[in-house]
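A short write-up of the structure that comes next.
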Amino acid sequence: MVKIATWNVNSIKQRELACAEWLRQASPDVLCLQELKCQTPAFPKAVFEDLGYNCAVLGQKGFNGVAILSKFPIDEAIGALPGDATDEQSRYLEAVLSVPGGPAIRVASIYAPNGNPAPSPKFDYKLGWFSRLESHVKGLLAFEEPLILAGDYNIIPRPTDVYNPANWIEDALFRIEARRAFRRVTHLGLTDALMACNSAGGQYTFWDYQAGAWQKDLGLRIDHLLLSADAAKGLVASGVDRKPRGWDKPSDHTPVWAELRLT
DNA sequence: ATGGTAGCTGGGCTA
């Protein structure tokens, strides 16, 4: 069984101890991290290596930044989403992991652009970024291997994935153009792991720091694990772990995980 | 109508 998870930590320096604690509690084989907010050399690798994880890191000064922690050996790490050589934002890291006794799996840690306000150049960047993701994933799916695209997509897929959808119609996370861009990716043949296991609404993964959103459970579901057919056929379970959102000095996101039996 | 919080940074941007 392979357990894989994703967590936007909103600064790895601030969340180093929480991250280590969650790894001890949940012991995933793979954890994809987003919003490191640190440069690559400053990533606290030793903490995670001591817990038995290999680290692939794509940092950036101040913003963004993604990583893949893996108990399996990491091969072929690629730190860029193809399609725009001028894009300097660290939002995509892909690696092949050698799973002992099973097929190799390809994993991407994704931090899609927020895109607010909309419309604006930032929203255009978001739509362009999803268009690049669509093209790239189309190529990856031709490999017919277990592929897991895990991360913060900054997309609310359905009205039941936000506490008050009417208030979010104009927001870049819920605007119809953004949802369509996301759906064009999933319609290539990807399975939303959490939805495949339980399609009920209200399974939020993010709660704003402001206005007591966490205490009132006013959340969004924007962190997703998308699986290729070769990964989805082994899907056993998936869930949201709310505990870390309730810890002291939390990230505004909480981990999402899935368990796969791959053969 | 506004501001409410957090993080990086050293003023303002991003979320």
Side-chain angles (χ1 to χ4, degrees), chain A residues 6-22 32-44 47 57-67 81 84 86-93 109-130 133 150-157 161-175 177-179 181-182 204-224 240 242-256:
Chain A
T6 183
W7 191 9
N8 177 324
V9 289
N10 186 22
S11 168
I12 191 59
K13 288 178 187 168
Q14 295 299 320
R15 233 63 65 196
E16 185 179 323
L17 293 177
C19 197
E21 176 58 23
W22 190 72
C32 295
L33 298 172
Q34 299 88 34
E35 274 209 90
L36 305 179
K37 292 186 170 177
C38 78
Q39 292 177 293
T40 302
F43 185 86
V47 172
V57 180
L58 180 68
Q60 181 182 335
K61 183 179 170 66
F63 304 100
N64 307 320
V66 286
L81 181 63
D84 181 359
T86 68
D87 186 356
E88 295 184 339
Q89 300 192 31
S90 297
R91 296 182 175 278
Y92 186 90
L93 177 62
S109 183
I110 285 178
Y111 178 47
N114 177 293
N116 275 307
S120 75
K122 289 165 79 174
F123 191 61
D124 294 339
Y125 173 69
K126 179 176 193 170
L127 296 181
W129 198 92
F130 271 95
L133 181 65
D152 175 2
Y153 284 79
N154 271 312
I155 295 285
I156 301 162
D161 294 318
V162 55
Y163 60 94
N164 185 355
N167 285 3
W168 289 79
I169 294 291
E170 301 298 325
D171 192 278
L173 278 61
F174 194 57
R175 281 181 74 103
E177 304 96 320
R179 278 187 277 160
F182 177 74
Y204 305 138
T205 65
F206 165 93
W207 298 260
D208 200 286
Y209 287 121
Q210 301 181 66
W214 165 245
Q215 289 76 8
K216 301 176 199 165
D217 195 24
L218 303 180
L220 321 174
R221 188 174 76 92
I222 55 176
D223 301 271
H224 311 297
V240 178
R242 291 190 170 220
K243 287 195 302 293
R245 186 62 181 81
W247 293 347
D248 287 340
K249 297 286 289 179
S251 169
D252 40 6
H253 297 248
T254 211
V256 185

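All chains are named by letter (A, B, ...) in the order of the sequence lines, taking the proteins before the strands, and each is independently numbered beginning at 1.
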Query raised in the report: For A:K61, what residues pass the salt bridge (charged side-chain N to carboxylate O under 4.0 Å, His left out) criterion, not counting sequence neighbours?
Result: none

Requested in this report: Name all residues meeting the ring-ring contact (aromatic ring centres under 6.0 Å, His included) criterion together with A:H224; count only those two or more places apart in sequence or in a different chain, and write none if there are none.
Outcome: A:Y153, A:F182

Requested in this report: For atom CD of A:E88, decide whether the heavy atoms of other residues, nucleotides or ligands shown that lie under 6.0 angstrom number more than 12.
Outcome: no

Report task. Go through the structure and list residues passing salt bridge (charged side-chain N to carboxylate O under 4.0 Å, His left out) with A:D152, not counting sequence neighbours. Result -> none

Requested in this report: Considering only atom P, compute the distance from B:dA1 to B:dG10 and round it to an integer number of Å.
Outcome: 36 Å

Report summary line: Separation of B:dC8 atom C1' from A:K13 atom NZ, nearest Å, is 9 Å

Query - Whole-angstrom distance between B:dT2 and B:dA15, as gauged at atom P - result: 23 Å

**Report entry** Side-chain heavy atoms of A:K122 within contact of A:P113, under 4.5 Å
**Finding:** no

Report task. Taking only the side-chain nitrogens and oxygens of A:K122, find out if one of them lies under 4.0 Å from OP1 or OP2 of B:dC13. Result -> no

Requested in this report: Take the protein atom CZ of A:F63 and the nucleotide atom P of B:dG7, then report the distance between them rounded to whole Å.
Outcome: 14 Å

Report task. Applying side chain to side chain contact (heavy atoms under 4.5 Å, CB included), name anything that partners A:S90, two or more places apart in sequence or on another chain. Result -> A:L58, A:Q60

Query raised in the report: For the pair made of CZ in A:R15 and C1' in B:dC8, what is the distance, rounded to whole Å?
Result: 12 Å

Report task. Determine: side-chain N/O of A:S11 to OP1/OP2 of B:dC8, distance under 4.0 Å, yes or no. Result -> yes

Requested in this report: Tell me, please, which residues at least two apart from A:E170 pass salt bridge (charged side-chain N to carboxylate O under 4.0 Å, His left out).
Outcome: A:R175

Query raised in the report: How do A:D208 and A:D252 order along DNA chain B: which one's closest nucleotide is nearer the 5' end?
Result: A:D208

Query raised in the report: Looking for any heavy atom pair under 4.0 Å, which part of the strands does A:Y111 touch: base, sugar-phosphate only, or nothing?
Result: sugar-phosphate

Query raised in the report: Is the phosphate of B:dA15, meaning OP1 or OP2, less than 4.0 Å from a side-chain N or O of A:K37?
Result: no

Query - Whole angstrom value for the distance that separates C1' of B:dG7 from NZ of A:K61 - result: 13 Å

Query raised in the report: Atom NE2 of A:H253 to atom P of B:dA15: distance rounded to whole Å?
Result: 10 Å

Report task. Mind listing the residues from residues 209-219 of chain A sitting with a heavy atom below 4.0 Å of DNA chain B? Number order is fine. Result -> A:Y209, A:Q210

Query raised in the report: To the nearest angstrom, how far is A:I222 atom CD1 from B:dA15 atom P?
Result: 11 Å

Query - Distance below 4.0 Å between A:Q14 side-chain N/O and B:dC8 OP1 or OP2 - result: yes

Query raised in the report: Could you give the CG-to-P distance, from A:N116 to B:dT14, as a whole number of Å?
Result: 12 Å

Query raised in the report: Roughly, in whole Å, what's the span from CG in A:N10 to P in B:dC8?
Result: 8 Å

